[in-house]
Protein chains: 2
Amino acid sequence: MSAAKEILERLAGDSLPDWHLVESALRRKTLASGECLFLVGVAHPVVYFVKSGVIKMVYETYDGDAWVKAFAAEGRFFASIAGLSPGGVTSFSAVAACSASVESLPYHLLDQLGDKHPQWQRALRKGFELYGFRKEARERDLLTLSAEERYQRFIEEYPHIAERVTDRDIAGYVRVTPVALSRIKARIKLRQMDDRLDI
Amino acid sequence: MSAAKEILERLAGDSLPDWHLVESALRRKTLASGECLFLVGVAHPVVYFVKSGVIKMVYETYDGDAWVKAFAAEGRFFASIAGLSPGGVTSFSAVAACSASVESLPYHLLDQLGDKHPQWQRALRKGFELYGFRKEARERDLLTLSAEERYQRFIEEYPHIAERVTDRDIAGYVRVTPVALSRIKARIKLRQMDDRLDI
DNA sequence: ACCGCTCATTAACCTAGGTTAACGCTGACC
DNA sequence: GGTCAGCGTTAACCTAGGTTAATGAGCGGT
């Protein structure tokens, strides 16, 4: 059975009708590390589901830095919400942070299914609710934690992602430069050694 | 006509049935500046609508700083998404940033209306979609802009809020200390004077 | 085996912002 | 009218992180 279906039905709390429509619209794509799924600033009303690997969503600034908005690993849906609504364009790019495979689905199909079946509308609503919940947490981390705390939390919370992406990308997620991240790691290691000596 | 109703029906793209249920569940509350609507860490499945004034949503850290997650002014809905789901607790506090009046609505009513009427489910979904869109923008600002840029963007984008809340709260939103914000303002003013002399 | 690439680390220097403290202003409350 | 508390500003000092550059390790391509 499709992993995506299972996740959506858990969201809806119900079985989802017309799944065959999803099945036939679904496109599978395999990506090498560094390969781009979509670029910032384009109309792209598509929702993705990660089958394997890690996708990073990045904001590129005018002066060439790339900050990592979020990672999506196996079992996660993602999309640029700004790029979903008619006339909207994506607000970030999506790039494979390691070799990955994804499934894609045109958003208008989900929208139609939502209008047709309350179960689907509910699944979508719960999906956005969950998205809002996650964004709240990310916003809180960016507002209230120091760079070092954000790094520590990231590797504790997402070890399965941390071990597969480069330190450079982790730095982009923590919102420091790779140089600063290297210093932070050295600082933590030093402190751990001190702690051991203190016993 | 209720301003909240108008906004919700625009989201749904349709008229909303059973509005009388909302009408009779709605509670109005007036708040003096600094008065608290709800505290962090409590079960609070309530959605608010701002009739007048400005509400600030704040994260309190263990060492006593208060960072401003967001402001909500007239015409905005808000809630702690984490506090909406059964068993969840609010992830921030809501406090009046100036004298304000709000309407409140138990979330379970909206949830029920959503299960009962597709128009409501759609309104809720669109509401969360909009919330996600806003959170995406906030996250991007925190990730890609400097403190000074965040301040400039805030006063340009929300002048009607900036003029009514304290600099202290603006600093909390921009994610700097009040002292640093004062320096930033001085820096900007100095540059503007230089610009004028350069003509 | 060699080249060339990207990545992680380290050092040196610089800057923005945090911290603490002092000062003046305003507005609420006796 | 006097007192007090909170706010915004400024100054002095400190620290975390940005910037630039050099170094070395790993690795795919030839």
Side-chain angles (χ1 to χ4, degrees), chain A residues 32-36 54 56 58-59 61-68 95-99 141-155 161-193, chain B residues 32-36 54 56 58-59 61-68 95-99 141-155 161-193:
Chain A
S33 180
E35 210 175 326
C36 181
V54 182
K56 61 179 172 185
V58 302
Y59 291 121
T61 65
Y62 50 90
D63 51 351
D65 311 351
W67 298 112
V68 176
V95 179
C98 61
S99 56
D141 287 355
L142 286 170
L143 268 178
T144 65
L145 301 182
S146 67
E148 184 173 330
E149 289 168 320
R150 287 198 297 273
Y151 172 68
Q152 295 254 38
R153 178 158 305 187
F154 175 71
I155 55 170
I161 294 181
E163 69 195 5
R164 281 185 289 170
V165 305
T166 62
D167 278 13
R168 191 183 199 77
D169 284 339
I170 296 177
Y173 182 82
V174 171
R175 218 252 112 121
V176 293
T177 58
V179 179
L181 181 63
S182 186
R183 273 192 297 237
I184 287 172
K185 284 167 64 180
R187 210 156 64 206
I188 291 172
K189 199 190 285 178
L190 195 68
R191 247 203 316 268
Q192 284 174 346
M193 281 165 59
Chain B
S33 179
E35 210 173 327
C36 181
V54 181
K56 63 180 172 184
V58 303
Y59 291 121
T61 64
Y62 49 90
D63 50 354
D65 313 352
W67 299 112
V68 176
V95 179
C98 59
S99 56
D141 288 355
L142 285 170
L143 268 178
T144 64
L145 301 182
S146 66
E148 184 173 329
E149 289 169 319
R150 286 198 300 272
Y151 172 67
Q152 296 253 37
R153 176 157 305 186
F154 175 70
I155 55 171
I161 294 180
E163 69 196 5
R164 281 186 288 171
V165 304
T166 62
D167 277 15
R168 193 183 198 77
D169 284 339
I170 296 178
Y173 183 82
V174 171
R175 218 255 112 122
V176 292
T177 59
V179 178
L181 180 63
S182 185
R183 273 194 297 239
I184 288 172
K185 283 167 64 180
R187 210 155 66 205
I188 292 172
K189 200 189 285 179
L190 195 68
R191 248 199 320 264
Q192 284 175 346
M193 283 165 58

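In the text below, chain A, chain B and the rest are named by the order of the sequence lines, each starting its count at 1.
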query = What distance do B:Asp141 atom CG and B:Thr144 atom OG1 have between them, rounded to the nearest 0.5 Å?
reply =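 Answer rounded to 0.5 Å: 6.0 Å.
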message = My understanding is that only residues two or more places apart in sequence, or in another chain, count here; which of them pass side-chain contact (heavy atoms from CB on, under 4.5 Å) with A:Ser33?
response =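 Counting only residues at least two positions away or on another chain, A:Ser33 forms no side-chain contact (heavy atoms from CB on, under 4.5 Å).
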Spacing of [X] atom [atom1] relative to [N] atom [atom2], expressed in whole Å:
X: A:Ile184; N: C:dA8; atom1: CD1; atom2: C1'; answer: 14 Å
X: A:Arg175; N: C:dA16; atom1: CZ; atom2: P; answer: 14 Å
X: A:Glu149; N: D:dG17; atom1: CD; atom2: P; answer: 10 Å
X: B:Leu142; N: C:dG17; atom1: CG; atom2: C1'; answer: 16 Å
X: B:Leu190; N: C:dA16; atom1: CG; atom2: C1'; answer: 16 Å
X: A:Trp67; N: D:dG17; atom1: CH2; atom2: C1'; answer: 10 Å

Under the side-chain hydrogen bond (donor to acceptor under 3.5 Å, both in side chains) test, which residues partner [X], sequence neighbours left out?
X: A:Ser99; answer: none
X: B:Glu35; answer: none
X: A:Gln152; answer: none

inquiry  = Going by salt bridge (Lys or Arg N to Asp or Glu O under 4.0 Å), name the pairs with one or both residues in residues 168-182 of chain A, residues two or more places apart or in two chains.
reply    =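 Sorted pair list: A:Lys56-A:Asp169.
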query = Who passes salt bridge (Lys or Arg N to Asp or Glu O under 4.0 Å) against A:Arg150, sequence neighbours left out?
reply =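 If we apply the salt bridge (Lys or Arg N to Asp or Glu O under 4.0 Å) test to A:Arg150, skipping adjacent residues, there are no hits.
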task = Go through the steps for B:Tyr151 and B:Ile188 under the test side chain to side chain contact (heavy atoms under 4.5 Å, CB included), then give the verdict.
result = CA-CA 10 Å; B:Tyr151 172 67; B:Ile188 292 172; 3.7 Å; yes
task = Under the ring pair (Phe, Tyr, Trp, His ring centres under 6.0 Å) rule, collect the residues that match up with B:Tyr173, sequence neighbours excluded.
result =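 Scan of B:Tyr173 (ring pair (Phe, Tyr, Trp, His ring centres under 6.0 Å), adjacent residues dropped) gives B:Phe71, B:Phe154.
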query = How does protein contact run along nucleotides 23-30 of chain D, one letter per nucleotide 5' to 3', with B for base contact, S for sugar-phosphate only, - for none, heavy atoms under 4.0 Å?
reply = --------
remark   = Readout for nucleotides 4-14 of chain D: B = base within 4.0 Å of protein heavy atom, S = sugar-phosphate only, - = neither; 5' to 3' it is ---SSBBBB--
Give every donor-acceptor pair under 3.5 Å between a side-chain atom in residues 178-185 of chain B and any protein atom, sequence neighbours left out.
{"from": "B:Lys185", "atom 1": "NZ", "to": "B:Asp167", "atom 2": "OD2", "distance (Å)": "2.3"}

ask   = Closest approach of A:Val165 and A:Ala97, non-hydrogen atoms and distance?
value =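 Taking every non-hydrogen atom into account, CG1-CB, 3.7 Å.
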task = Using five base pairs at each end, measure the axis-to-axis angle across the helix from C:dA1-D:dT30 to C:dC30-D:dG1 and round it to 10 degrees.
result =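 Computed angle between terminal axes is 40°.
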task = Would you tell me if any nitrogen or oxygen in the side chain of B:Arg187 comes within less than 4.0 Å of OP1 or OP2 on C:dG17?
result =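 Indeed, a polar side-chain atom of B:Arg187 lies that close.
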